[in-house]
**Q** 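Before anything else, here's the structure in question.
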Number of protein chains: 2
Amino acid sequence: MNLGNRLKSNKKLTLNDLASLAGVSTSTVSRALSDNPLIKKETRVRIQALAASHNFSINTAASRLRTQKTKVVAVILNLIDHTEQSISDPFLLKIVGDLNQALNSKGYDLLLSNSFMATDNWANYFINSQRADGLIVVGQGKSDEKVQEVAESNVPLVVWGDPKTKSHYPIVGSNNRLGGSIATEHLITGGCKNILFLGDPEHMEMTSRYHGYQDALEAHAISLDSAFTVACDITSSAAYDKISELILSKGLFFDGIVACSDMVALGAMRALKERYIGIPSDVGIVGFDDILMAELSYPSLTTIKQNTQRAAQVMVNKLITQFDGKNSDSSLIDIELVARQSTKHSL
Amino acid sequence: MNLGNRLKSNKKLTLNDLASLAGVSTSTVSRALSDNPLIKKETRVRIQALAASHNFSINTAASRLRTQKTKVVAVILNLIDHTEQSISDPFLLKIVGDLNQALNSKGYDLLLSNSFMATDNWANYFINSQRADGLIVVGQGKSDEKVQEVAESNVPLVVWGDPKTKSHYPIVGSNNRLGGSIATEHLITGGCKNILFLGDPEHMEMTSRYHGYQDALEAHAISLDSAFTVACDITSSAAYDKISELILSKGLFFDGIVACSDMVALGAMRALKERYIGIPSDVGIVGFDDILMAELSYPSLTTIKQNTQRAAQVMVNKLITQFDGKNSDSSLIDIELVARQSTKHSL
DNA sequence: TGATTTTTTGCAATCGTTTGCATTTTTTGC
DNA sequence: GCAAAAAATGCAAACGATTGCAAAAAATCA
C-alpha cells in the first residue's frame with residue numbers, strides 16, 4: 001500500500017509514511033519524535049509538528065518488540081477469598097488509584113489483574129510474555145507461595161504487605177505494629193480497661209497490628225487475656241457476626257475494640273449500635289486504614305490512617321530501581337492516628 | 001545467540017528455539033501451540049508438552065505486531081472532579097472488578113486509566129498506538145465531549161452511563177428512570193408526603209433518576225415543588241453539607257429523601273443522625289447502587305441495586321461485537337429495590 | 001506399481017520501530 | 001580554499017510471531 005492510499009483510507013500512519021511526508025528517512029523521524037539531540041532542532045520541531053497534525057502515534061507493539069520494554073506494570077490484587085466483600089474493599093481501590101497515578105507520572109501504564117483470574121504462573125503470564133515489565137502485588141494473602149515463586153524467577157517485583165515479614169523480595173507497607181500500638185494506647189489513655197483485638201491472626205499485616213496491641217498493653221502493665229483476642233475474617237460482615245455472637249454469649253465484657261481494619265470496625269460498630277451500646281461512652285473503637293466511610297459513619301470512626309499515596313510512590317520507585325538492575329529492600333510507611341468520635345479523647 | 005547459549009543463560013525462549021528443540025519448523029510450533037488442526041494431533045501434544053516443560057510463553061509484543069490485535073481493553077474511569085471522594089467511590093471498584101472478570105473470561109486483559117491521567121486524545125493513545133483493541137469508558141461525565149471525539153474516530157467503544165441518552169455510541173447502564181420511580185414510589189407507599197430529590201441534575205444518569213422521581217410523584221398526584229429538588233454534587237460530603245444547611249435554614253420540611261447514589265444517601269443520613277432525626281420514623285431515605293456500605297450502615301440503607309456483574313458482561317459482549325466489525329446499540333440493565341431499615345415498608 | 005488425493009510440514013515475507021554504523025553535509029581552523 | 005572535525009542524516013539489520021502458499025510425506029485408489 002503506497003502513501004497516497006494510506007492517507008486516503010483510514011489506515012494508521014507509520015513512521016515510514018511520516019518519513020515520506022517529511023522527505024526524510026524513517027530513522028530521522030524516529031529520532032525526531034523521541035527528541036533525540038542527534039537530529040537538528042529545526043528538523044525535530046518540524047517533524048513533531050507534522051506528527052501532531054496527523055494524529056500520529058507510535059505503534060507500541062512494534063516498539064516493545066524492538067526495545068524489549070513494555071512500559072507497563074501489572075498490578076495484581078492478591079485476594080484471599082472469593083467473597084464479594086474482599087473484592088470490593090474500598091481500601092483496595094484507594095491503593096490501585098494511587099498506584100495508577102504514581103505509575104503514570106513515571107510513564108508507565110497499569111495492567112490490572114487479580115489472583116483469581118490470572119493464570120497460575122504470574123511470571124510467565126506477565127513477564128515472559130512481555131505483557132509487563134514488572135509486578136506489583138497488593139496483599140500477601142495467607143501464604144506467600146505464589147509470590148515466592150515469582151521472586152525466585154528473578155522478576156521485578158514489589159509487594160504491598162507487612163514490611164517486617166521476612167522475605168527475599170521488597171515489601172512496602174505501613175508500620176503496622178506501631179499503628180496497632182498507637183491505636184491501643186489511644187483507647188487506654190481514653191480510659192478503656194478491657195480492650196478487644198478484632199482481626200485475623202493468620203494475616204501478616206494483621207499479626208503485626210496485633211503485636212502492637214500487645215506492646216501497648218504491656219507498656220501499661222495490662223495483662224494479656226486470650227479472651228480478648230478475637231479471631232475474625234477481615235470483612236465487615238464477619239466482624240458484625242462475631243461481635244453480635246460475643247455479646248450474646250458473654251455480655252458486654254469489654255469497653256474498647258482495636259479493629260484490624262476500618263471495614264471490620266464498621267461491622268463491629270453496627271453490631272454495637274443495634275444493641276444500643278454507646279460509642280464511645282460504653283465502648284470505644286479504633287479502626288485501621290482511614291477509608292472514606294470512616295469519616296462518614298456516625299459516630300465517625302477513629303482510625304489509623306495509612307498513607308497510600310506515598311506508599312504507591314515508594315513502590316513504583318522500588319520497581320523502577322529493579323528495572324535498572326539494582327535490587328531494593330522493604331520500606332515502612334509512616335502511619336498517623338486520626339482521632340474522631342468513636343473514641344474518648346484524653347485531655 | 002545460538003540455542004545452547006540461550007538455554008544456559010536465562011534469556012527467554014522463542015518459537016525458534018522451541019522449534020530447534022522439537023526438530024520441527026517455527027511455523028509448526030506456532031500452529032501447534034495455537035492448537036491448529038492443520039498439525040497432526042500427536043505432534044501438537046508433543047510440542048505443547050515441550051513448551052510447558054520449558055515454561056514457554058508467546059511474546060505478545062511480536063504477536064500483536066504481526067496480528068494487529070492486542071487482546072487488551074482499556075477501561076477509563078471518567079471522573080468528574082479530582083476529589084478523593086470521586087476517585088475512591090466504592091461503586092467504581094465494583095464495576096472495574098466485574099469488568100475485569102468479564103474481560104478475562106473472554107481472553108482479554110484490562111488496562112486501567114482515568115480521565116485525569118490519560119492524555120487528551122484517548123483514541124490516539126490507546127488505539128492508534130496499539131495499546132488496546134477497544135475502550136470502555138465508565139461514566140459520562142458532565143459532558144460527553146471527549147467520548148464523542150473517540151466515537152467519531154471509529155474506535156470500538158462502550159460507555160457505562162445512562163442508556164437513554166441520545167448518542168452515536170452504545171451506552172450500557174441501569175434503568176435509571178424506572179429506578180428513580182421505584183425508589184420514590186417506595187417512600188410514598190411507606191407514607192412519605194414531602195419527598196426531597198438529592199442529586200446533580202447536570203449528570204445524565206442522575207437526571208434520569210430525577211425524571212423517575214417526577215413520574216412517581218405525578219402518578220400519585222403529588223405536585224412537584226421545586227423546593228424539593230436539591231442540587232448537590234454526587235459525593236457524600238456534599239450531601240452532608242447540603243442537608244445540614246437545609247435543615248438549619250428551613251427546618252425539617254421533608255419526610256423522605258430520594259438520593260441519587262448510596263454515597264449521597266449516606267452523607268445525608270449522617271446529617272440527619274447528628275441532629276437526632278429518626279430514620280425512618282421522621283425521614284425515610286432511599287439510595288441508589290447498593291454498595292457494601294448500604295447494608296452495613298445503621299440503619300441499613302434501602303436502595304436500588306444495580307446489577308454490575310451483568311452490566312459488565314453486556315458491555316464486554318458489545319465491545320467484542322464491534323471488534324468483529326458489526327456495531328451495537330445501547331442496553332438497559334434491570335434494577336431491583338432492596339428494602340432495608342432506612343424506609344418504612346408498607347404492609 | 002504408479003497416479004492422485006489428502007494430510008502434514010516448511011519457506012519466507014511481513015508487521016513497524018529502533019539503533020549501530022556508515023555516509024553525507026556543514027562548520028571550523030589555518 | 002582546503003583539510004579536518006563536527007553535525008546531521010540515512011542504511012539496513014534486528015526484535016519474534018503469524019500465515020499464504022509451496023513442498024513433502026502419507027494415504028488412497030485403480
Side-chain angles (χ1 to χ4, degrees), chain A residues 1-3 6 9 11-48 50-51 54-71 124 127-131 133, chain B residues 1-3 5-6 9 11-48 50-51 54 56-71 124 127-131 133:
Chain A
M1 173 183 273
N2 66 26
L3 182 59
R6 189 168 294 196
S9 75
K11 268 269 172 190
K12 289 164 198 155
L13 281 183
T14 70
L15 275 190
N16 234 307
D17 301 331
L18 267 190
S20 311
L21 287 172
V24 295
S25 74
T26 315
S27 41
T28 299
V29 178
S30 173
R31 290 185 175 114
L33 291 184
S34 59
D35 225 26
N36 189 327
L38 223 54
I39 303 298
K40 205 201 313 183
K41 180 132 201 186
E42 192 183 299
T43 319
R44 257 184 283 162
V45 300
R46 181 168 62 90
I47 294 180
Q48 284 164 10
L50 185 72
H54 281 82
N55 264 334
F56 174 80
S57 188
I58 281 286
N59 183 321
T60 57
S63 175
R64 287 172 186 171
L65 175 58
R66 173 62 226 238
T67 62
Q68 305 282 71
K69 302 214 160 101
T70 65
K71 286 287 190 171
N124 253 357
I127 309 300
N128 274 342
S129 72
Q130 200 137 161
R131 262 173 252 261
D133 294 334
Chain B
M1 173 184 271
N2 65 29
L3 182 57
N5 284 342
R6 189 167 295 198
S9 77
K11 268 269 171 188
K12 289 162 198 156
L13 282 182
T14 70
L15 275 189
N16 234 307
D17 301 330
L18 266 191
S20 311
L21 286 172
V24 296
S25 75
T26 316
S27 43
T28 299
V29 177
S30 173
R31 291 186 174 114
L33 291 184
S34 59
D35 226 26
N36 189 326
L38 225 55
I39 303 298
K40 204 202 308 182
K41 181 136 201 180
E42 191 183 300
T43 319
R44 257 186 284 163
V45 299
R46 181 167 63 90
I47 294 180
Q48 284 165 9
L50 185 73
H54 282 80
F56 174 81
S57 187
I58 281 286
N59 183 320
T60 56
S63 175
R64 286 170 187 174
L65 175 58
R66 175 62 227 239
T67 62
Q68 304 283 66
K69 303 213 160 103
T70 65
K71 285 287 188 175
N124 254 356
I127 309 299
N128 275 343
S129 72
Q130 198 135 166
R131 263 171 251 264
D133 295 334

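Residue numbers begin at 1 in each chain, while the letters A, B, ... track the order of the sequences.
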**Q** Identify, with sequence neighbours excluded, every residue that meets side chain to side chain contact (heavy atoms under 4.5 Å, CB included) alongside Ser34(A).
**A** Asn36(A)
**Q** Output the rounded distance in Å from CG (Leu18(B)) to C1' (dG16(D)).
**A**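 So the CG-C1' distance, Leu18(B) to dG16(D), works out to 12 Å.
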**Q** Is the backbone N or O of Thr70(B) less than 3.5 Å from a side-chain atom of Asp133(B), with the two atoms forming a donor-acceptor pair by type?
**A** yes
**Q** What is the base-pairing partner of dT28(C), counting Watson-Crick and G-U wobble geometry with both distances under 3.5 Å?
**A** dA3(D)
**Q** Can you tell me which nucleotide in dT9(C), dA17(D), dG10(C) comes closest to the side chain of Ser25(B)?
**A** dG10(C)
**Q** Would you kindly give the CZ-to-C1' distance between Phe56(A) and dG16(C), to the nearest whole Å?
**A**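 Taking CZ of Phe56(A) and C1' of dG16(C), I get 9 Å after rounding.
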**Q** May I have the distance from Leu13(A) (atom CG) to dT17(C) (atom C1'), rounded to whole angstrom?
**A**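 Answer to the nearest Å: 15 Å.
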**Q** Measure across Ala22(A) and Arg46(A) and return the closest heavy-atom pair with its distance rounded to 0.1 Å.
**A** O-NH1, 3.3 Å
**Q** If you assign each of Gln130(B) and Gly23(B) to its closest nucleotide in DNA chain C, which residue comes earlier from the 5' end?
**A** Gly23(B)
**Q** Please determine, for the side chain of Ala62(A), which listed nucleotide (dG16(C), dT19(D), dT9(D)) has the closest atom?
**A**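 Between dG16(C), dT19(D), dT9(D), the one nearest the side chain of Ala62(A) would be dG16(C).
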**Q** Could you work out which one of dT17(C), dT9(C), dG16(D) sits closest to the side chain of Asn59(B)?
**A** dG16(D)
**Q** Quick one: side chain to side chain contact (heavy atoms under 4.5 Å, CB included) partners of Lys40(B), sequence neighbours excluded?
**A** Glu42(B), Thr43(B)
**Q** Mind calculating the distance between CZ (Arg64(B)) and C1' (dT19(D)) to the nearest angstrom?
**A** 20 Å
**Q** Tell me what Ile58(A) touches on the nucleic acid: a base, only sugar-phosphate, or nothing, going by heavy atoms under 4.0 Å.
**A**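 Result for Ile58(A) = sugar-phosphate.
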**Q** Rounded to whole angstrom units, what separation is found between the CG atom of Leu65(A) and the P atom of dT19(C)?
**A** 12 Å
**Q** Could you give the NZ-to-P distance, from Lys69(A) to dT17(C), as a whole number of Å?
**A**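 The answer, rounded to whole Å, is 18 Å.
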**Q** Can you name the closest pair of heavy atoms from Arg31(B) and Ile39(B) and give their distance?
**A** CB-CG1, 3.5 Å
**Q** At their closest point, which heavy atom of Arg64(A) faces which heavy atom of Ala61(B), and how far apart are they?
**A** CB-CB, 3.8 Å
**Q** Using heavy atoms and a sub-4.0 Å distance, could you list which residues of residues 26-34 of chain B are near DNA chain D? By number, please.
**A**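 Contacting residues: Thr26(B), Ser27(B), Ser30(B), Arg31(B).
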**Q** Expressed in angstrom and rounded to an integer, what is the separation of Asn128(A) atom CG from dA17(D) atom P?
**A**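 Taking CG of Asn128(A) and P of dA17(D), I get 11 Å after rounding.
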**Q** Partners of Ser30(B) by side chain to side chain contact (heavy atoms under 4.5 Å, CB included), sequence neighbours excluded?
**A**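 Expected list: Leu15(B).
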**Q** Quick check on dT14(C): is either OP1 or OP2 less than 4.0 Å from any side-chain nitrogen or oxygen of Gln68(B)?
**A**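 For dT14(C), OP1/OP2 do not have a side-chain N/O of Gln68(B) under 4.0 Å.
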**Q** Ignoring backbone atoms, establish whether Thr60(A) has a side-chain N or O less than 4.0 Å from OP1 or OP2 of dT17(C).
**A** no
**Q** Round to a whole Å and report the spacing from CG of Asn36(A) to C1' of dA8(D).
**A** 11 Å
**Q** Do you know the tightest heavy-atom contact between Phe56(A) and Thr14(A)?
**A**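 That would be CE1-C, 3.7 Å.
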**Q** Write down the atom of Gln130(B), the atom of Lys12(A), and the distance for their closest heavy-atom approach.
**A**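 In terms of heavy atoms, the two residues are closest at NE2-NZ, 4.2 Å.
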**Q** By side chain to side chain donor-acceptor pair (under 3.5 Å), which residues pair with Asp35(A), not counting sequence neighbours?
**A**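 Applying side chain to side chain donor-acceptor pair (under 3.5 Å) to Asp35(A) gives Gln48(A).
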**Q** All N/O contacts under 3.5 Å from nucleotides 23-28 of chain C to the protein, with atom names and distances to one decimal?
**A**
none

